[in-house]
Amino acid sequence: MSVAILRKGEYFIASIQSDLSDTEVLALRDDLIERVGRFRALGIVVDVSALDVIDSFAARALRSIALAAKLRGARTVIVGIQPDVAVAIVQFRLNLDPLRTALDLDEALALLELRPERKPADGR
Amino acid sequence: MEGEIRVGIGTDADLVIARAEGRAMAQRLGFRRPDPTLIATAISELARNLVMHVGHGEIIMRPIVEDRRSGVLVIVRDEGPGIADVGAALRLGHASRGGLGLGLPGARRLMDEFEIDSQPGKGTTVTMRKWRLRDDLERLREKRQQRG
Amino acid sequence: MNQNQPVPSLQQSAAEASLLHELVEYLRENRGDLREQWARRITDAELLSVMTADEIFSEVTAVYDNYVDALETGSVETLQAYARELSERIIRRGVETHEVLGIVLLLRDVLGRSLLDNYEEDRDLLRRILDAYEPAANRIAATVGVSFVEERERVIREQQEAIRELSTPVLQVRDRLLISPIIGAVDSDRARQLTEQLLGAIQANRARVVVLDITGVASVDEAVANHLVQTVEAARLMGARAVITGLSSKIAQTIVDLGVDLGMLNTVGDLQGGLEEAERMLGHRDADVEPTESSIES
């Protein structure tokens with residue numbers, strides 16, 4: 001199994017264990033979208049720290065997870081993008097919107113705890 | 001001396017092999033971070049073009065050495081229908097949805113040199129290179145080795 | 001027997017092999033005396049002056065034995081490994097290239113003269129012994145000299161790397177907060193290193209906010225400005241927000257010329273303000289906040 005998906009309260013956490021083929025990426029996307037619909041989850045966390053490469057295909061799949069989840073009122077956070085992968089995404093000019101990113105699982109869950117409709121406090 | 005690596009591309013599982021081989025070769029050739037990742041990403045992108053648009057093809061990776069710099073040469077070729085308007089493909093990505101998309105312009109930005117030779121009905125060859133500088137010590141070592 | 005051609009390796013004909021064998025026996029028998037002569041001439045020539053007499057004698061012994069072994073086996077590998085290891089030790093103490101070449105040539109002189117004295121009554125044998133000895137000795141001298149130079153270049157490169165790292169420090173101010181003060185000229189190579197160090201530090205320290213203080217950077221070219229913007233973006237993808245402080249009006253203009261919206265970068269006038277902004281971002285745990293208004297001080 002290349003992806004471990006576990007449920008934690010109102011959230012699904014998908015932990016990618018190794019590089020994925022396109023077929024596996026699409027299976028993960030469909031699986032997550034289906035689960036969000038079925039369990040009315042509020043959020044999805046996808047841990048991509050095991051991915052050495054995020055190209056346009058993987059980026060598009062991650063975005064479609066986020067877009068589909070958003071339609072069902074859930075938010076998606078990507079955690080663990082490796083430094084070199086982050087540089088590659090930027091140079092490639094891949095668009096990850098509306099994906100949120102966080103450093104690790106704790107950060108991602110904290111981010112999801114913030115209500116989406118809450119206007120961010122601005123000190124200025 | 002590092003040899004040539006050829007990866008036949010037919011299924012999406014071959015993409016996984018191609019990018020792992022590309023990354024490993026870049027590391028063996030002394031590329032520093034983040035370059036092995038950039039090279040692997042460009043290879044992945046072009047390998048997918050093969051799978052999606054042509055069905056099969058081949059990727060050839062080869063070390064290139066000059067006096068002041070060295071690098072890796074990646075050739076991605078197929079015998080597919082060819083790209084009608086290479087200029088447009090490079091500027092915008094391909095017209096077809098979900099296809100080349102961002103692929104070509106993005107991969108091009110990750111590499112130092114990028115050329116497409118496409119002949120309608122005959123196939124397409126993408127040639128890309130990435131370079132790194134060689135310092136004096138490295139050049140000295142190599143000259144000694146050549147002398148034996 | 002070919003006397004005039006360069007010798008491709010220490011491997012020789014049977015006749016030469018027996019000569020080399022005789023030579024090796026001779027050098028082993030006279031080890032104590034030759035070794036002392038060599039050490040004395042090194043001290044007289046004031047080579048290796050940073051080392052004590054005992055240290056010199058112990059290195060001399062090791063090199064001498066390796067030298068004779070290399071003559072015997074025809075393989076310089078062990079000697080080469082020892083020469084590298086020795087070089088690494090003495091380079092850090094300030095031993096110079098001319099000293100190392102000097103001592104190797106002195107050994108050649110000491111041994112050559114000793115052979116001359118020993119075989120002077122049989123000139124033909126002497127000539128053949130020297131024919132066998134000289135190319136081997138030259139090759140050994142070159143091996144030791146080149147090992148030293150290569151080792152020296154490696155040490156220098158390491159030091160350059162260390163200096164470059166020091167020139168782009170990434171410091172942890174408190175939990176989850178990094179600051180990187182950048183001072184001086186930033187070229188593409190340094191910018192690349194900065195990116196690598198900063199992103200690596202974000203991962204290692206689980207940093208949520210990084211303050212990039214570029215007060216000490218007067219201007220950058222477009223490539224470096226682009227690199228800076230890309231680094232901020234890459235940090236964001238990793239889950240960390242960047243605050244840029246001390247942006248000069250000149251660099252701000254370069255960034256604008258690239259077509260980058262300065263509003264995308266979280267810029268604060270000075271380092272103090274940047275740290276306050278960073279604390280605020282950490283305190284509110286509001287990674288949701290859109291980039292705040294930029295305020296640029298020139």
Side-chain angles (χ1 to χ4, degrees), chain A residues 1-4 14-31 33 46-68 78-99 101 103, chain B residues 9-27 31-53 55 76 89-94 96-112 114 128 130:
Chain A
M1 180 71 183
S2 321
V3 186
S15 197
I16 298 171
Q17 312 287 324
S18 66
D19 193 10
L20 299 183
S21 72
D22 291 359
T23 309
E24 291 168 315
V25 169
L26 295 182
L28 171 65
R29 178 196 69 184
D30 296 345
D31 189 356
I33 292 172
V46 185
D47 182 345
V48 297
S49 51
L51 291 186
D52 287 336
V53 167
I54 294 182
D55 60 9
S56 69
F57 185 87
R60 199 159 41 229
L62 291 171
R63 287 182 65 201
S64 51
I65 292 171
L67 290 167
I78 302 296
V79 305
I81 295 181
Q82 294 291 332
D84 293 356
V85 174
V87 172
I89 290 172
V90 172
Q91 287 198 13
F92 202 110
R93 293 187 205 152
L94 289 174
N95 179 9
L96 290 185
D97 291 339
L99 284 164
T101 54
L103 208 67
Chain B
I9 303 293
T11 69
D12 70 344
D14 298 330
L15 267 66
V16 176
I17 297 167
R19 57 197 181 215
E21 291 283 4
R23 162 186 303 279
M25 180 182 266
Q27 283 168 342
F31 275 98
R32 294 176 54 169
R33 297 179 58 189
D35 287 352
T37 299
L38 306 190
I39 292 164
T41 308
I43 288 173
S44 180
E45 202 64 38
L46 287 165
R48 181 170 300 100
N49 280 347
L50 285 185
V51 176
M52 284 190 164
H53 295 282
V76 184
L90 269 177
R91 273 195 313 277
L92 312 163
H94 203 263
S96 69
R97 268 194 65 208
L100 286 164
L102 278 166
L104 288 183
R108 185 190 199 179
R109 280 191 292 270
L110 297 177
M111 302 294 282
D112 293 327
F114 193 97
M128 36 187 204
K130 198 159 183 82

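Chain naming here is simple, since letters A, B, ... match the order of the sequence lines and numbering starts at 1 in each. Predicted model only: the values in this text are computed from it and were never measured. Just so you know, these numbers use all the heavy atoms, side chains as well, and skip hydrogens, waters and symmetry mates.
- Shown here for A:Phe92 and B:Arg109, the closest heavy-atom pair between the two residues is O-NH2, 2.7 Å.
- The two residues B:Ile39 and B:Gly22 come nearest to each other via the heavy atoms CG2-O, 4.4 Å.
- The distance from the CG atom of B:Asn49 to the CG atom of B:Leu46 is 5.5 Å, given to the nearest 0.5 Å.
- Residue contact with chain A, scored on non-hydrogen atoms closer than 4.5 Å, involves the side chain of B:Arg23 exclusively.
- Interface remark: A:Ile89 contributes no atoms to any contact with chain B (heavy atom separation under 4.5 Å).
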Show the numbers, then the answer: is there a side-chain contact (heavy atoms from CB on, under 4.5 Å) between B:Leu50 and B:Val76? CA-CA 8 Å; B:Leu50 285 185; B:Val76 184; 3.8 Å; yes
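- Heavy atoms of B:Arg48 lying under 4.5 Å from chain A belong exclusively to its side chain.
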